[in-house]
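The structure appears below as structure tokens.
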Amino acid sequence: MIIEKYNPNSLSVGAILGLIAAGDIAIPEIQRPFVWKKSQVRDLLDSLYKGYPTGYLIIWKNPNVKLKDGSVSTGKKILIDGQQRVTALMTAIAGIPVVSASYKKERIKIAFNPFAALSDDKDAEIFAVQDQSHLKGKRWIPDVAEVFKNGFARFSFVMKYCADNPEMQPEMLDEILTNLLAIGNRLIGVIELSESLDIDIVTDIFIRINSKGTALSQGDFVMSKIAADEEHGGNSLRKAIDYFAHLCIEPSFYEFIQQHDAEFAESEYMHKLAWLKDDKETVYDPECDDVLRVAFMHMYPRAKLADLVGLLSGRDFETREYRAEIVEDTYQKLKQGVLNVINQNNFTQFMLAIKGAGFISNKLITSQMALDFAYMLYLRLTLSKAVNVSEVKRIVQKWYVLSVLTGRYSSSPESAFYRDIRTINEVGVVKALEQIEEATLSDNFWNVAVVQDLAYTSTINPTYLVYLAAQVYMNDMSLLSNNITVRYLLELAGDVHHIFPKEYLKSNGFSRNLYNQNANYAYLDTQVNKSIGKKAPHEYLGEALQQCETKVVKCGSITDLEMLKQNLATNCIPFEACTMDHTDYESFLNERRKLMAQKIKAYYYCL
């Protein structure tokens, strides 16, 4: 049986605004901040005035849910595409303030020029974003919303306007106003998605139709769904998630919330977010999708955000019915999950685990999905007390590093999340980790796969970044230094040095994909880097060797031979490099990759 996926229709602008005002179509206050430029609002009115097509709105009717008394509650309609257009109409025509991209409530006022409406010039400026010139000038109607107000005194307005502009005839202005007000009768196409559609299909439609503008995700659909549910405090929960993500990046935004969102400032969530006003953490700044994903996964044995949409709609996955008690239970669990995610102690302790594994800078982070799963795992282990408290951070660290090294969540992450959650549920986290290690971390992995992964030029190569984290974890000294650590240079943006200097290799005919190899990189102090310049390794390492005898510092700060040997070993540089020139470069790369891979292996098993 083929299910009809949608029903095409059309509604007038006035009817659409009326349905929204009546609450029949949900367009929550902060579903997404209004991101259109003011000029786009002007252009929309201009298109409607001229009778041009303005695209379709797409609406989804939430499934009807069964109540406890056996009755049925009719699902509310949610606008899943066209919010920016509808919001533009609400602010320009209905005079309603909108939430801007900076979270300020403001009106976008559009001015109208009746004289331009009479012009035969197709480029005449009929509408404009209001500025001071429109308020001072007599020809412009400064705000079209005044004309659309109920009780607009049309006759008085015409008389006054014509008195101020004698060249305009009252009959002509009256006709122009009729054309302007006709915007309210313009038909806009509306596609209503069937309530019987599977949640996966609805979320897929949502993402596809919105991909033309700001890239959206399943998380955006979940946020829209949450925000539309006023009965269960969805809009406040949505704001808590949104504000948390915003504050992680911009702690000063806390004051703005206090001053501009009094209702939220009085909510229970505000106190929970207060710690972020002094937050300086930059390693992990979760976005809304990340907060939702972590909150959902540690409260449910599921990983797909489409499943969360289903649960928020009341879906019983066994009977495929929709029940009110499931909606209630889901909102309670999701709320608790979000509170767990944004809790200061939880977040701080998780970051101590990640940074304790050597990932002290966001420059070392390439997989947000791996961080999401690691945070989920931390919350789950901490709250369930499934393992000893002293073991939680170690397990989280190993799981995260393993995930990054193997690219475990780099493709189809939700499917991989689900498989791992299911395994953890079946055998426990300790056994699950052991099974994954046995399946993936073979001798071939360490001796072949990791070595091959280091044959890249990208400084954001995940395997190379794990190597740097290993150096931080082991408190390694930077190259040719006896007192400056790799940690210090990473924190203060130190220099990445080419062990075989780039200009030296270029002058000897090496291409970029060879001289920028990961195995040719090492962190060192800026002054040491300058002293090396374009010298071959046998030259500057020869100087370092010589100063171990003369004690006269020329390159770096090490003046002890054993310390120099240890420093080179720490940085995975074979001692033979002290005698190497460009003819030895490729054999050097092969040897160093092996040493780096062994360091990564030793690091992993030290966690």
Side-chain angles (χ1 to χ4, degrees), residues 358 360-361 363-364 454 457-461 464-508 510 512 514-582 584-585 587-589 591-593 595-596 599-600 603:
I360 58 169
S361 166
K363 292 184 294 186
L364 300 180
L454 290 166
T457 60
S458 173
T459 54
I460 58 171
N461 172 12
Y464 172 66
L465 295 180
V466 171
Y467 166 76
L468 293 180
Q471 287 206 291
V472 173
Y473 179 82
M474 296 175 175
N475 205 33
D476 289 350
M477 289 294 163
S478 59
L479 182 59
L480 300 179
S481 174
N482 61 3
N483 59 3
I484 297 177
T485 62
V486 172
R487 169 189 288 269
Y488 177 83
L489 293 176
L490 276 167
E491 288 177 333
L492 276 80
D495 288 349
V496 178
H497 166 63
H498 289 73
I499 299 167
F500 278 68
K502 179 170 65 175
E503 294 303 321
Y504 169 71
L505 290 176
K506 286 171 70 175
S507 67
N508 283 283
F510 287 86
R512 180 174 181 175
L514 277 175
Y515 64 69
N516 275 345
Q517 290 266 322
N518 287 160
N520 194 30
Y521 292 143
Y523 266 84
L524 46 64
D525 181 59
T526 302
Q527 295 306 315
V528 179
N529 199 8
K530 288 179 179 178
S531 70
I532 291 172
K534 303 176 184 179
K535 297 173 185 175
H538 71 85
E539 292 183 72
Y540 71 84
L541 290 178
E543 290 176 353
L545 273 174
Q546 187 180 33
Q547 71 190 32
C548 291
E549 296 179 9
T550 65
K551 309 302 179 185
V552 177
V553 173
K554 290 185 177 181
C555 185
S557 56
I558 299 173
T559 56
D560 177 82
L561 180 59
E562 289 306 313
M563 187 179 290
L564 176 62
K565 289 180 179 179
Q566 179 59 41
N567 181 261
L568 293 175
T570 292
N571 286 279
C572 299
I573 297 172
F575 189 72
E576 292 75 17
C578 295
T579 60
M580 288 182 177
D581 62 17
H582 68 277
D584 305 300
Y585 180 57
S587 62
F588 163 80
L589 289 178
E591 181 61 24
R592 189 165 190 247
R593 287 190 201 108
L595 294 172
M596 292 169 76
K599 187 180 191 75
I600 293 170
Y603 155 72

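Worth saying up front: this structure is predicted, and the values here are computed from it rather than measured.
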Please report the interatomic distance CE(M477) to CG(N567), rounded to the nearest 0.5 Å. 9.0 Å
Please list all pairs meeting ring-ring contact (aromatic ring centres under 6.0 Å, His included) that have one or both residues in residues 547-573, counting only residues at least two apart or in different chains. none
Quick one: which residue pairs count as a ring-ring contact (aromatic ring centres under 6.0 Å, His included) with a foot in residues 550-580, not counting sequence neighbours? none
Verify whether the ring centers belonging to Y473 and Y603 lie closer than 6.0 Å. yes
Contact list for residues 548-559, test salt bridge (Lys or Arg N to Asp or Glu O under 4.0 Å), sequence neighbours left out: none
Any side-chain heavy atom of T559 within less than 4.5 Å of one from C548? no
Here the salt bridge (Lys or Arg N to Asp or Glu O under 4.0 Å) pairs for residues 473-484, sequence neighbours left out, are D476-K599
Applying ring pair (Phe, Tyr, Trp, His ring centres under 6.0 Å) to H498 and not counting sequence neighbours gives Y521
Results of salt bridge (Lys or Arg N to Asp or Glu O under 4.0 Å) for E591 - residues two or more places apart only: none
Residues which pass side chain to side chain contact (heavy atoms under 4.5 Å, CB included) with A577, listed by chain and number, not counting sequence neighbours: L541, I573, M580, F588
List the residues meeting side chain to side chain donor-acceptor pair (under 3.5 Å) with N518, not counting sequence neighbours, and say none if there are none. N461
When rounded to the nearest 0.5 angstrom, what is the spacing between OG in S361 and CZ in R487? 11.0 Å
If we ignore angles and hydrogens, is there a donor and acceptor under 3.5 Å between the side chains of S481 and D525? no
Any residue meeting side chain to side chain contact (heavy atoms under 4.5 Å, CB included) with D581, in chain and number order, not counting sequence neighbours: Y504, H538, T583, D584
Residues at least two apart in sequence or cross-chain that pass salt bridge (Lys or Arg N to Asp or Glu O under 4.0 Å) with R592, listed by chain then number, are none
Positive for side chain to side chain contact (heavy atoms under 4.5 Å, CB included) with S478, one of T485, I484, N571: I484
Listed partners of K506 passing salt bridge (Lys or Arg N to Asp or Glu O under 4.0 Å), at least two apart: E503
Residues which pass side chain to side chain contact (heavy atoms under 4.5 Å, CB included) with S531, listed by chain and number, not counting sequence neighbours: V528, C555
